[in-house]
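Heads up: the structure comes next, in structure tokens.
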Amino acid sequence: MLLAKLRTHYSTQVNPEEIGDEKVSLAGWVHEVRDLGGICFVVLRDREGKAQVTLVKKKIDRELFNFARKLIRESIISVTGTVKPEEKAPNGYELIPETIELLNEAESPLPMDTTGKVDAELDTRLDSRFMDLRREKTHAVFRIRHEVLKAVRTFLSDNGFLETSTPKVVATATEGGTALFPITYFDREAFLNQSPQLFKQILMSGGMDRVFEIGPIFRAEEHDTRRHLNEATSIDIEASFMDHFDVMEILEEMIAFVYSEVKKNAAKFLENLEIELNVPKTPFLKLPYSEAIEIVNANSDEKLVWGDDLSTLAEHTIGEYVFQTTGEEHYFIIDWPSEIKPFYALPYENDPEISKSFDLMHRTMELSSGAQRVHQYDLLKTRIENQGLDPDGFEFYLKTFRYGMPPHAGWGMGCERLVMTMLGTENIRDVVLFPRDRKRLSP
RNA sequence: GUCCGAAUAGUGUAGAGGCCUAUCAUGGAGCCCUGUCGAGGCUCCGACCCGGGUUCGAAUCCCGGUUCGGGCGCCA
């Protein structure tokens, strides 16, 4: 790894036996200063961990000793010195400093505690997210998120998917259902995209065959829950010559792969969060919509009729039922009524009341939805009209269905929800660096 | 949007009309201390969201506002 002059090693890279008498430089934050009188410990924290800098009054320059014991917490320092094995110190060594350079002093008092001694509320933490990120538990969440995205990229790339980027500034709504953020695009009205749906389908006509995208989506819904964001990260795929069962298999195998990769590569961070991760077993249960509403009617006070969408309570009822009967947290609900799915979901030819669509559910919430898509121009145009949308606004999309559009299928999944359900996080904002919700626009 | 709840030092909290000159922890300032690792000991510092009202008396009760949290809705 490339490191610079101010820092020759991360705190976790120092092995006293290998280093010998060689000088090392560590750089980071003053995590704590423990002044015992004749001996003083400065705990330096960097991204990877902590290191103990030990100063014995009698053995060290008096000026350096007094300087060290007066360091203000969370200031930035670079320490150069020699390494001594010490079982009691973090990572099995302590650093005997020759120089301590104060690169930037922190103000005091701090806006919140970084050591884990005193809790802070989520709102306080988000107001000072930079400082919250210095806490071990918060850092762990984003290291795991990194592993999740890395595993997604690896899995999809290895299965022939090409990573793409599509516009976030668009002229038309994707599905009509959700509210959009309007913006000014020079002298025209435009919107922030709610989903890459139309563009990834266009890429199927373009012969890209299998694509994925990991990118932001924007929804202007004024929702106020622990599981919604107005700016979220969507993991989307689209694949030609596949049906909904094919892409469900990709999805379930990907989830299992992501879990096992996180378990393998982020063990330390799972431990920080006190999480024992269970890799879900594949294939996942595929529960037809019609059976799902029967489960709701039999196991709760809610009475649903065929054609109703599932309420939050209904999702919980089904999630608990599936978990109690199978022991698994992930399952699909398949064969949804065509009417409550978007225009691009393909109805069954022999039973057009239901569509080749699915939702991937976690015990606690919906994670993903997908379908085999309508690839026939006439049917697609009719379905757009039937949903009260104007086909003229979709011409850039519809056009691609007239000149050789293969049958295709795909899904989109909320990245935050994947991380959230994996970690059992109570609030989705916990797994976003700088969440955008109904109330928060800064930082 | 709607219903419920909350707001006390930098942070997290105790508090049920007079016990509040407001508790505890953490933190900050200072002193003591040579093996700490959530170090320990002593001293000090620092707060009742805003505006009205009830009352002899309000952190506490009432009304309005603001902000935050949660359920539902909308949505993924």
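The chains referred to below are lettered A, B, ... by the order of the sequence lines, with proteins before strands, and numbering in each begins at 1. Keep in mind that this is a model prediction, so the values were computed, not measured.
- Put simply, A:Arg73 has a side-chain N or O that comes within less than 4.0 Å of OP1 or OP2 on B:G28.
- Considering only side-chain N and O atoms, A:Lys88 lies nowhere under 4.0 angstrom from the phosphate OP1 or OP2 of B:A39.
- Both A:Asp359 and A:Pro90 sit near RNA chain B, but only A:Pro90 has its closest nucleotide nearer the 5' end.
- Closest approach to the A:Thr312 side chain among B:G73, B:G12, B:G35 is made by B:G73 (side chain taken as heavy atoms from C-beta onward).
- Donor-acceptor pairing under 3.5 Å, judged by distance alone, is present between the side chain of A:Gln52 and the base of B:U36.
- Side-chain nitrogen and oxygen atoms of A:Thr225 include none within less than 4.0 Å of the OP1 or OP2 phosphate oxygen of B:G70.
- At least one side-chain nitrogen or oxygen of A:Arg226 sits closer than 4.0 Å to the OP1 or OP2 atom of B:G71.
- A donor-acceptor distance shorter than 3.5 angstrom exists from the side chain of A:Lys200 to the backbone of A:Ile237, with no hydrogens or angles considered.
- A:Leu229 comes within 4.0 angstrom of a nucleotide base, judged by non-hydrogen atoms across all strands.
- For a distance-only test at 3.5 Å, the side chain of A:Glu121 fails to qualify as a donor-acceptor partner of the base of B:G69.
- Rounded to an integer number of Å, the gap from CG of A:Leu71 to C1' of B:G28 is 16 Å.
- For B:A39, one of the phosphate oxygens OP1 or OP2 lies less than 4.0 angstrom from a side-chain nitrogen or oxygen of A:Lys117.
- Straight-line distance from the CG atom of A:Asp224 to the C1' atom of B:A6: 15 Å, rounded to whole Å.
- A donor-acceptor contact under 3.5 Å links the side chain of A:Glu94 to the base of B:G35.
- Across every strand in view, B:G5 sits in a pair with B:C68 that passes the Watson-Crick or G-U test at under 3.5 angstrom.
- The phosphate of B:G69 (OP1 or OP2) has a side-chain N or O of A:Lys439 nearer than 4.0 angstrom.
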